[in-house]
Protein chains: 2
Amino acid sequence: MRRSIATVSVSGDLEEKLAAISAAKFDGIELYDPDLVASRLRPGEIASRCADLGLTIELFQPLRDLEGLDPDRFQSALGRLEAKLEVMEQLGAATALVCSNTSPGAIGDVDLSAEQLHLAGQRAAEHGIRLGFEALAWGTHVSRVSEAWEVIRRADHHALGLVVDTFHILARGDTAEVLQDVPGDQIAFLQIADAPHLRTDILQWSRHHRCFPGQGTFDLASVVGAVIEKGYRGPLSLEVFSDVIREAEPRATALDGMRSLIHLEEELRSRWAGQPDDQRPHVTLTDPPPAPRQATCGFLEIAVRSDGDMSGFLQGLGFVEGGTHRTKPVSWWRNGGANIVLNASSDLADRWTRSVDRPAVVGLAVAVPTVAEVSERADALLWPRLALRHDLAEAPRDATDTPAGVHLFLVEGDRWQDDFVPTPAQQPSAAVRIIDVDHLGYRIPFEVSDAEISFYRTLLGLPTGAISEFTEPRGWLRSRVVRSEDHPSAGALQIVLNVIETRTATRIPDRGLNQIAFIVADVFAAVRTARTSGIGMLEIPDNYYEDLRARSDLSPALIGRLREHNVLYDRDSEGELLHAYTRHVADAFYVELLERRDGYGGFGSVNTPVRLVAQARQTMDARPPTAQ
Amino acid sequence: MRRSIATVSVSGDLEEKLAAISAAKFDGIELYDPDLVASRLRPGEIASRCADLGLTIELFQPLRDLEGLDPDRFQSALGRLEAKLEVMEQLGAATALVCSNTSPGAIGDVDLSAEQLHLAGQRAAEHGIRLGFEALAWGTHVSRVSEAWEVIRRADHHALGLVVDTFHILARGDTAEVLQDVPGDQIAFLQIADAPHLRTDILQWSRHHRCFPGQGTFDLASVVGAVIEKGYRGPLSLEVFSDVIREAEPRATALDGMRSLIHLEEELRSRWAGQPDDQRPHVTLTDPPPAPRQATCGFLEIAVRSDGDMSGFLQGLGFVEGGTHRTKPVSWWRNGGANIVLNASSDLADRWTRSVDRPAVVGLAVAVPTVAEVSERADALLWPRLALRHDLAEAPRDATDTPAGVHLFLVEGDRWQDDFVPTPAQQPSAAVRIIDVDHLGYRIPFEVSDAEISFYRTLLGLPTGAISEFTEPRGWLRSRVVRSEDHPSAGALQIVLNVIETRTATRIPDRGLNQIAFIVADVFAAVRTARTSGIGMLEIPDNYYEDLRARSDLSPALIGRLREHNVLYDRDSEGELLHAYTRHVADAFYVELLERRDGYGGFGSVNTPVRLVAQARQTMDARPPTAQ
């Protein structure tokens with residue numbers, strides 16, 4: 001199917017927008033009238049520019065306040081319509097979008113609206129143009145698809161159809177069923193937008209918080225699928241407005257939109273996969289290799305000046321050396337399922353601009369069953385692949401950067417370990433028994449937050465949880481979790497994305513992974529051993545434990561142990577979480593040790609405000625780092 | 001009356017908050033329990049710290065989900081209550097706030113809630129503590145003051161009272177009348193917050209968009225006044241949460257809060273001014289000198305390397321030299337009521353960090369009837385005054401910086417002109433007849449936006465208009481207008497504050513005044529003369545005029561003239577606006593020429609998106625500056 005995007009969904013002026021949309025290989029656009037009005041290109045020039053860029057103007061939008069009018073107002077509305085129809089002829093655009101009237105003075109009379117739209121349809125038909133009518137969710141009288149359809153049905157003019165906007169259906173809590181009585185040839189246009197579930201006024205929600213398919217929580221395939229099943233063969237067209245895209249680079253946004261459509265097409269494909277050929281809509285949809293059925297944390301790469309920078313810290317957490325690289329100053333450390341690679345080679349500078357004067361987590365290897373499939377999928381989804389220096393080992397691998405700049409390797413199972421000469425077997429210290437990596441966290445700039453979610457969703461097939469919001473000592477922290485399952489299994493990739501929301505000039509500069517969380521068998525034993533090895537743990541205030549006593553039925557003995565070990569506590573319907581944090585290492589990252597009891601599924605977010613204050617206080621106290 | 005502020009209304013950790021609140025000379029605090037829980041200070045230490053800082057803990061808050069419970073839950077709630085009452089004893093806090101139950105499972109039974117609060121009141125009384133009950137606007141069953149009062153009335157316990165929160169009353173559209181039946185001694189506490197009118201979910205509105213009195217649009221004096229008239233003599237306590245204060249410096253926020261209370265007290269004073277002594281509440285309120293009855297634009301100061309940098313541009317706009325400074329390389333230019341001072345003296349570096357390598361608007365002189373009164377008012381409101389170099393002239397003056405860093409002089413009428421040796425009289429070029437300064441605009445960082453509004457509101461008595469929101473080619477522009485009247489009279493100070501809302505790393509760097517708008521008698525003549533003098537005007541696209549033709553009944557001749565002169569057009573119920581813009585001067589600022597016909601009162605904001613795109617395109621085209 002043709003793919004289209006509204007010019008209002010990309011930042012910049014019209015010329016930048018068109019260039020970005022074309023670069024992302026869209027077939028067409030919805031031309032937003034205010035973009036035209038503000039452009040120095042005349043309509044004819046816009047038409048040529050679009051033709052040069054391989055873009056069709058699929059829709060001209062919006063025409064406002066065209067029905068529900070008194071006779072005088074309707075006459076002047078027809079005048080406006082006529083002028084815009086002339087512009088559309090110069091543009092070569094065949095369909096225009098008419099929004100339901102949102103002015104407080106609109107007249108609520110279905111027959112009057114139908115009559116006026118009939119007359120508008122006549123005018124449009126004279127120019128060979130079709131009008132699509134859309135119910136804005138905040139329309140004065142016509143605010144639902146069913147109401148818009150009733151107006152169109154009564155208006156009964158061949159140049160008049162319905163515009164379906166997934167946002168307006170799903171945000172009102174409706175489903176594809178509202179389209180039940182609408183024949184497919186009456187659907188003039190389909191606009192697609194996703195959104196996270198939010199508690200806000202619908203107008204604000206629509207204007208500031210829409211997002212591309214897969215970045216929100218709407219079941220878009222159900223509505224889009226139903227529309228196509230009815231016979232709609234127009235473009236799949238993205239109409240998204242948000243604070244994120246207003247601030248993002250236009251080219252990045254357009255690419256992001258294209259990826260989301262490809263991903264949506266994939267969902268449609270699986271919707272129709274089981275159906276007999278003659279009952280399936282005959283449309284062409286992309287067919288990339290599927291997302292990997294499993295994605296686990298292969299290893300974490302930490303840049304160091306020399307091994308000694310980090311090995312003491314790792315040993316304190318029970319890690320032992322697994323091997324040394326066959327050709328480079330790189331060592332591999334392991335404890336249970338957790339692997340860390342210390343890289344002291346200078347070629348890191350190739351891809352890491354920050355000078356490595358102290359340890360920093362610079363890469364994440366994701367283990368998948370077949371790298372070649374994921375690489376091909378990355379190509380199909382337009383994710384850039386990075387050139388890889390193929391070393392000694394034959395093991396397949398690939399690499400890419402996430403939109404926020406995290407360097408991500410793709411590796412196949414454990415075969416990356418072939419790069420290393422194994423160190424003779426040692427038993428990890430019994431006292432810190434790490435089971436596996438639990439989750440990883442990092443801060444991402446606001447303007448790439450939706451794109452980062454897309455990355456994990458589209459490439460690796462990892463869905464995203466709801467937004468959690470925490471107060472920080474300075475500003476807000478908004479987190480979203482990317483993970484493959486509701487209840488984590490050891491080793492499955494789980495990533496906490498912390499969106500930097502601050503608008504102050506003093507931006508928190510840290511990029512890259514800053515939170516490494518390990519599941520341990522016994523958090524108390526782990527904390528004791530770590531401390532003995534000189535690793536400083538984050539101090540949790542006594543008041544926290546007093547409050548815990550007040551709000552829980554934990555025994556004084558357990559609370560005493562938690563307090564003694566600076567361990568935080570949470571409980572959900574399944575089980576319990578006991579977790580502790582090291583102080584920051586090299587101002588760059590910190591390690592969390594979690595003990596999950598009886599299938600506790602969360603991340604202890606109830607304790608996040610206390611943790612954030614303790615971390616800020618630790619930074620303020622500016623004690624010398626205790627760990628390495 | 002005592003002045004208090006909630007710790008949650010200031011950023012930082014508890015120790016930073018207390019220091020900031022004390023520095024702003026508050027008498028007391030509302031201690032937010034999560035601030036205590038996250039603090040390393042034990043309750044007894046918090047009590048001593050507060051005592052050292054001269055702060056009373058006026059309120060401990062909040063206790064949640066204490067009524068509307070089944071028997072089991074209520075028992076465990078009493079356990080929580082008991083623990084917190086013990087903490088309060090250590091704190092020496094006499095009043096606790098109980099919020100109405102917000103959990104979905106709350107039981108909606110007024111008598112049950114009353115019975116449970118009665119029992120809670122008994123427990124509190126045993127500790128010598130009083131409970132204040134507050135209806136949260138999003139409470140499950142108790143969401144209005146009247147409902148909370150009914151529960152308290154039925155609970156009938158001396159240790160139980162009502163908490164009045166201005167936000168919860170006014171955001172629901174209620175007025176002080178809801179307190180009609182509540183005796184004054186039953187009001188346990190008064191929380192004060194303002195807010196702008198917003199279309200959003202009330203919970204989001206409350207959490208993210210409250211502001212200090214005078215920064216929003218609520219009529220706070222009506223509710224606060226009514227509460228005091230009933231005999232309430234507890235503290236006036238600010239409870240504000242917002243994205244702005246979460247990001248701002250704690251000390252700046254606390255000062256800002258204090259100023260807003262002083263301003264509120266002033267409003268209360270005038271509320272009771274006309275009343276006989278025996279009918280007026282006997283409370284002590286601040287009594288600063290009143291805000292000036294008039295504030296006009298005295299002059300604008302532009303920093304230059306030498307006069308020649310700007311004199312050509314000014315002459316092109318019809319300015320003539322009014323005089324040269326008696327001692328410094330400073331010249332004064334005038335046209336009608338507009339005055340501009342070009343300052344080439346090196347001592348500007350004292351207060352302007354940007355090196356003056358090209359012209360920049362660095363100061364604004366506001367003319368008031370009596371400088372001494374305004375200075376005294378600034379002191380009373382804790383606005384800092386800057387040391388002034390008193391020069392030759394005897395004319396009174398003073399100076400301060402606004403929170404966003406605009407250097408503001410206070411001058412008395414025209415007496416500042418005594419500093420200058422008058423240049424022999426010349427007539428301004430007849431072709432550009434400037435009547436006066438219309439308005440000035442500048443960009444302000446998000447985190448000081450509320451404080452900037454406070455500055456004009458409290459010091460100069462200028463109220464603030466509603467928020468306007470525009471899309472920019474990259475991001476959003478949110479504007480608020482500060483002005484003395486609804487319909488501007490020539491010369492009255494009007495300032496457009498453009499809040500920088502972007503969260504991207506690439507912040508727009510420009511600070512200081514960047515928009516200077518003059519009222520002219522004939523905009524076409526002004527544009528022609530300016531062009532003749534080589535001043536580049538901002539090009540408005542033809543599409544704008546096509547659209548104007550479609551949406552208006554203007555004659556083709558007028559539209560042709562507008563187009564020819566790059567003049568934008570707007571109309572309101574009173575009259576018409578014709579306005580044009582110069583291109584940016586020295587990348588620093590631009591001049592708008594406005595012709596207001598028949599009392600048009602706005603700023604042409606309908607044209608802002610087109611203007612913003614044209615300005616961005618102009619920057620992109622990176623032509624050499626045409627003016628000087």
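First the proteins, then the strands, lettered A, B, ... as listed; each starts at 1.
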**Study point:** CZ/B:Arg73: more than 12 non-hydrogen atoms of other groups inside 6.0 Å
**Key:** no
Review point. Out of B:Leu36, B:Asp35, B:Leu14, which residue meets the side chain to side chain contact (heavy atoms under 4.5 Å, CB included) rule with A:Asn543?
Key: B:Leu36
Revision key, fill the gap. Highest number of heavy-atom pairs under 4.5 Å with chain A among B:Lys17, B:Glu82, B:Arg80 belongs to B:Arg80
Point to revise | A:Asp33, part contacting chain B, at a heavy-atom distance under 4.5 Å | key: side chain
Review point. Heavy-atom distance under 4.5 Å to chain A: side chain of B:Val37, backbone, both or neither?
Key: both
Exercise for review: Please flag which part of A:Lys84 lies under 4.5 Å from any non-hydrogen atom of chain B: side chain, backbone, both or neither.
Suggested key: side chain
Review point. For the candidates B:Arg611, B:Arg42, B:Arg551, which exhibits the highest count of non-hydrogen atom pairs separated by less than 4.5 Å from chain A?
Key: B:Arg42
Review point. Among A:Ala77, A:Ala550, A:Pro34, A:Ala83, who wins on heavy-atom pairs under 4.5 Å with chain B?
Key: A:Ala550
Check your understanding: Contact part of A:Glu546 toward chain B, heavy-atom cut-off under 4.5 Å: side chain, backbone, both or neither?
Key -> side chain
**Study point:** Short side-chain to backbone donor-acceptor contact, A:Asp13 and B:Val613, under 3.5 Å
**Key:** no
Point to revise | For B:Pro541 against A:Ser39, the heavy-atom pair lying closest together | key: CB-O, 3.0 Å
Check your understanding: Does any heavy atom of chain B fall under 4.5 Å from the side chain of A:Arg549, the backbone, both, or neither of them?
Key -> side chain
Check your understanding: Is the side chain of B:Asp542 donor-acceptor paired with the backbone N or O of A:Arg40 at a distance under 3.5 Å, no angle test?
Key -> no
Exercise for review: Among the options B:Asp547, B:Val610, B:Val87, pick out the one with the most heavy-atom pairs lying under 4.5 Å from chain A.
Suggested key: B:Asp547
Exercise for review: Sort A:Leu41 into side chain, backbone, both or neither according to what part of it lies under 4.5 angstrom from a heavy atom of chain B.
Suggested key: backbone
